Amino acid sequence: MMEVEVLVFGAAAIHVKGGNVVVTVGDRPTVRDVLAALHEQHPDLRFAMPPIETGRLAVNHVFATAEHPVRAGDEIALITLVGGG
Amino acid sequence: MMEVEVLVFGAAAIHVKGGNVVVTVGDRPTVRDVLAALHEQHPDLRFAMPPIETGRLAVNHVFATAEHPVRAGDEIALITLVGGG
Amino acid sequence: MARTPAPVLARIIDSPLTRDAERAELLLQGWPHAFAPAGNSVARTVGAVLRFEGIVRRGEPDPSAGGTERELLALEYQAYDPMAERELRRIALDIVERHALSSLVALHSRGRVGVGEVSFLLIMESPHRAEALAAMTLFIDMLKQDVPIWKKPIWR
Amino acid sequence: MARTPAPVLARIIDSPLTRDAERAELLLQGWPHAFAPAGNSVARTVGAVLRFEGIVRRGEPDPSAGGTERELLALEYQAYDPMAERELRRIALDIVERHALSSLVALHSRGRVGVGEVSFLLIMESPHRAEALAAMTLFIDMLKQDVPIWKKPIWR
């Protein structure tokens, strides 16, 4: 098992203290595993979350899709409902 | 019978002296009649002319479609292949 | 809700559309925000300002040379008066209404416009960007179909 | 034909995008035609310049009031650094390549932008207008999907 910290912004951050949440996932997790854990362990954020199968997270400031591995020390961010422009 | 003067511009005007041509049409002509006469009496301009049935001419500075009557003294212009912008 | 009519300016101008010519024309026509930055219209309901400049390029296809590109010095724009300005204005009013724009300025040059100079200027203010983008595409399409302006190449 | 890479500038700026802020940024970044009129790029192959300004409007829907519109003082833009600028630049390079644009400037504000002020500026030069219009629509769509910038309303 490993803990992954996920940065949260914008409307999603209203439900979160300190701008991040922590999820527990199995060893050698992928983006999909982190998304599944977010859905399960932080249901408050579901309104802002991408689907587990097709969703993406930012890993080290680059968008990564479901299969992408997540390693200890990676900077993971949930980026949805952006509002630029 | 009546003679109608038609102003010609742009690429179409290259084939024309003085910027206008004259066509002979029957009494109470419409835009369609003038277009048909242009096609027949000025074949050089055909490349720049709208179809007789669906075409338009400007009558007194407003676009007029096939059924529009043409009267003595109207200012008639063939406006195609414009190049603004 | 009844709306104040959106300001519309549509004119044919006897010079290239330099910044000075644009400013002079807006001032002359009493345009409400000639010197204000784009966003500072009074109502503050404008969310998008879109500006298009059409510029004379160095090369044009030469029909008398089978359409191969040839070097230009300038284009000479000829307008059928007063219909050209009238059509420009008709299109402007139609599009402002259809897309609920907040304002529209359309200026087109008549006469000689050198390579690199602006011959056509279109500015639209709109509450939202989508309307302005759609309106701009439509405006230019209509301009190229209906406004009796022709260009004569002046070759180098 | 091998083309010189088109100049691209994509930046997140810590202020509203006033004309002075825009000019200062272009100058600072050594932008090739910061002070030249739009059309006077060296190659003279540009036929269209398109400029978009996104402006903070007076009213925004308030989610905590069921989405009814409420009066704003300003929007506070928050960016995820350095990803926001990186994504802005990635999109800019992608679109310049895809639409064969001649140049592209994309500036977005971070921090407080008052009602009536510009938060986003996009300038594109292109040989022909159609590419620029298509590219602009696509750029803004991609911005709104991928660039990690959020706005916090500061209500009146």
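Numbers restart at 1 for each chain; the letters A, B, ... are given by sequence-line order, proteins then strands. Since this is a predicted model, take the numbers as computed values, not measurements.
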Has the side chain of C/W150 got a donor or acceptor atom that lies under 3.5 Å from a matching backbone atom of B/A13? no
C/R86 side, atom CZ; B/F63 side, atom CZ - distance, nearest 0.5 Å: 12.0 Å
By number, which residues in residues 135-142 of chain C have some heavy atom less than 4.5 Å away from chain B? none
Does anything in residues 10-18 of chain C reach chain B? List residues with heavy atoms under 4.5 Å apart, or say none.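 Near chain B, by residue number: none.
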Out of C/D146, C/L143, C/V147, return the one with the most heavy atom pairs under 4.5 angstrom to chain B.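 Option with the greatest count: C/D146.
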For chain B, the option from C/K152, C/R90, C/E87 that forms the most heavy-atom pairs under 4.5 Å: C/E87
For [X], I'd like to know if atom [atom1] has over 12 heavy atoms of other residues, nucleotides or ligands within 6.0 Å.
| X | atom1 | answer |
| --- | --- | --- |
| C/Q29 | CD | yes |
| C/R70 | CZ | yes |
| B/R46 | CZ | yes |

Assign the ring pair B/H61 / C/Y80 to parallel, tilted or perpendicular, where the plane angle (0 to 90°) is split at 30° and 60°.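 If you compare the ring of B/H61 with that of C/Y80, the planes turn out tilted.
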So, do C/M83 and B/I79 sit near enough that their side-chain heavy atoms are less than 4.5 Å apart? yes
